[in-house]
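Written out below as structure tokens is the structure these notes cover.
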Amino acid sequence: MKKSEDGTAVVMPSDQTGKRGRKAESGHLKKKKITGPRRSFMLVTIPILALFFIFNTLPLIRGAIYSFTNFRGYGSYDWVGLRNYIDLFSDARVGKSYLFTFKLAIVTTIVVNIVSLILALGLNSKIKFKSALRGLYFIPNILGALVVGYIFSYFFTYIVPALMEMMGLEGTNILASKSWAWIAIVIVCAWQSIAMNTIIYISGLQTVPEDVYEAGAIDGATGWQKFKSLTFPLIIPFFTINMVLCMKNFLMVFDQIVALTQGGPAQSTESISYLIYNNGLSGGQFGFQSANAVIFFVVIVVISVFQMKFLGGKEEQL
């Protein structure tokens, strides 16, 4: 309480009352923040995280648990510890599938990136019908992998041998050859993947300013020298993205093998993903192939991280 100049008593709010008022005001502000856009974002994010956990994380955890058992995919099971992981390194079929998968992934990644970059350079130049050609080249990426695989299976089985016979050669189905079947898978995987990689490279080429090329022209850079010294160093981040995505996707190749060879002939085109699916679900090796899947997951993560670190270091050097 305080007296004014005319002697009238004036009641002043105490410190505690002021603190309570400030707390109430701050609490009101906090409530307003929670009920604003942040609350809407939370309401959208929580269901997505729940679905991701249920359909992605939870099966991954359960698969890791089954890898320590002799589970056949049905019935009861016993814990076997690390026996599945130890047996993986002595299984010749598993080793063969890893060698085939790495060979396929490396060759296809190189082919796809070379062809995609050449196409991107052409489609980024000053040519007629540039937009129409980009749309045309992107069509393979729209089609499903199984659909594309079955179409090419018919092509390799019937059309290619007929054409070879017309030219006087021996018409054979390359899908039935242990030496050539993997080439057919490379062709199909590359044909469908080139589209997306080309679009990514075109996006990278469009970020290169014209001033760079003008300065290079003054210094006499033309043709291959222009690409090597100016264009490629500036699009290396896009090259990194394509390399990582290609290697990851081709290591996980599955649909094309189902449609073309189903792992044959004589298991010569059996990828790791197809082996895990085939023997895990119908071969009674669910626990064993779960261990294979865990190892395969670690391998893909390690390769992707190595690629990012190595190519990222090249970006910093440039």
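- Note on residues 264-278: pairs passing salt bridge (charged side-chain N to carboxylate O under 4.0 Å, His left out), not counting sequence neighbours, are R93-E270.
- More than 12 non-hydrogen atoms from other residues, nucleotides or ligands lie less than 6.0 angstrom from NZ of K96.
- Side chain of S90 to main chain of D87: a donor-acceptor pair is present (N/O by atom type, distance under 3.5 Å, no hydrogens or angles).
- For OH of Y213, the number of neighbouring non-hydrogen atoms (other residues, nucleotides, ligands) closer than 6.0 Å is greater than 12.
- Transitive grouping of hydrophobic side chains (ILVMFWY, heavy atoms separated by less than 4.5 Å) keeps I257 and L275 in distinct clusters.
- Annotation: the span from W79 atom CH2 to F68 atom CZ amounts to 8.0 Å, rounded to 0.5 Å.
- With rounding to the nearest 0.5 angstrom, the CD atom of Q307 is 12.5 Å from the CD1 atom of I241.
- Around the CE atom of M308, the shell of radius 6.0 Å holds no more than 12 heavy atoms that belong to other residues, nucleotides or ligands.
- Looking at S268, its side chain does come within 3.5 Å of a backbone N or O of P265 through a donor-acceptor pair.
- Here the closest heavy-atom approach between residue S97 and residue I272 is recorded as O-CG1, 3.8 Å.
- A single hydrophobic cluster is seen to contain both L260 and V107, as judged by linkage of ILVMFWY side chains at heavy-atom distances under 4.5 Å, directly or through other members.
- Between F232 and F239, the two ring planes are perpendicular [angle over 60°; tilted spans 30° to 60°].
- Separation of the Y66 and F71 ring centroids falls under the 6.0 Å cut-off.
- With hydrogens and angles ignored, the 3.5 Å screen pairs a side-chain donor or acceptor of N249 with a backbone N or O of L245.
- The closest donor-acceptor contact from the side chain of S229 to the backbone of K226 lies at 3.5 Å or more, if one exists at all.
- Between the side chain of N113 and the backbone N or O of T109 there is at least one donor-acceptor pair closer than 3.5 Å.
- Residues D255 and Y150 have side chains that never bring a donor and an acceptor to within less than 3.5 angstrom of each other.
- Put simply, OH on Y98 and CD1 on I295 are 6.5 Å apart, with the number rounded to the nearest 0.5 Å.
- Looking only at distances, no side-chain donor or acceptor of S153 sits under 3.5 Å from a matching main-chain atom of G149.
- L88 CG to L82 CG: the interatomic distance, rounded to the nearest 0.5 Å, is 11.0 Å.
- The shortest heavy-atom contact between I303 and F102 is CD1-CE2, 3.5 Å.
- Here the side chain of N84 pairs a donor or acceptor atom with the backbone of S67 at under 3.5 angstrom.
- With no hydrogens or angles considered, a side-chain donor-acceptor pair links T261 and T269 at under 3.5 Å.
- Nearest heavy atom pair, residue T101 against residue F250, reads CG2-O, 4.3 Å.
- The aromatic rings of Y274 and F254 lie tilted to each other, with the angle between the two planes from 30° to 60°.
- Within the model, atoms CD of Q256 and OG of S271 stand 9.5 Å from one another, a figure rounded to the nearest 0.5 Å.
- Looking at N173 and Y158, their side chains never bring a donor and an acceptor atom within 3.5 Å of each other.
- Rounding to the nearest 0.5 Å gives a distance of 13.5 Å between CD1 of I194 and CZ of F138.
- Counting heavy-atom neighbours within 6.0 Å of K228 NZ, excluding the residue itself, gives a total of 12 or less.
- Without hydrogens or angle criteria, T69 side chain to Y77 main chain gives no donor-acceptor distance under 3.5 Å.
- A donor-acceptor pair is defined here as one N or O able to donate and one able to accept, closer than 3.5 Å; such a pair exists between the side chain of S125 and the backbone of G122.
- Proximity of I235 to L117: side-chain heavy atoms (C-beta onward) are separated by under 4.5 Å at one or more points.
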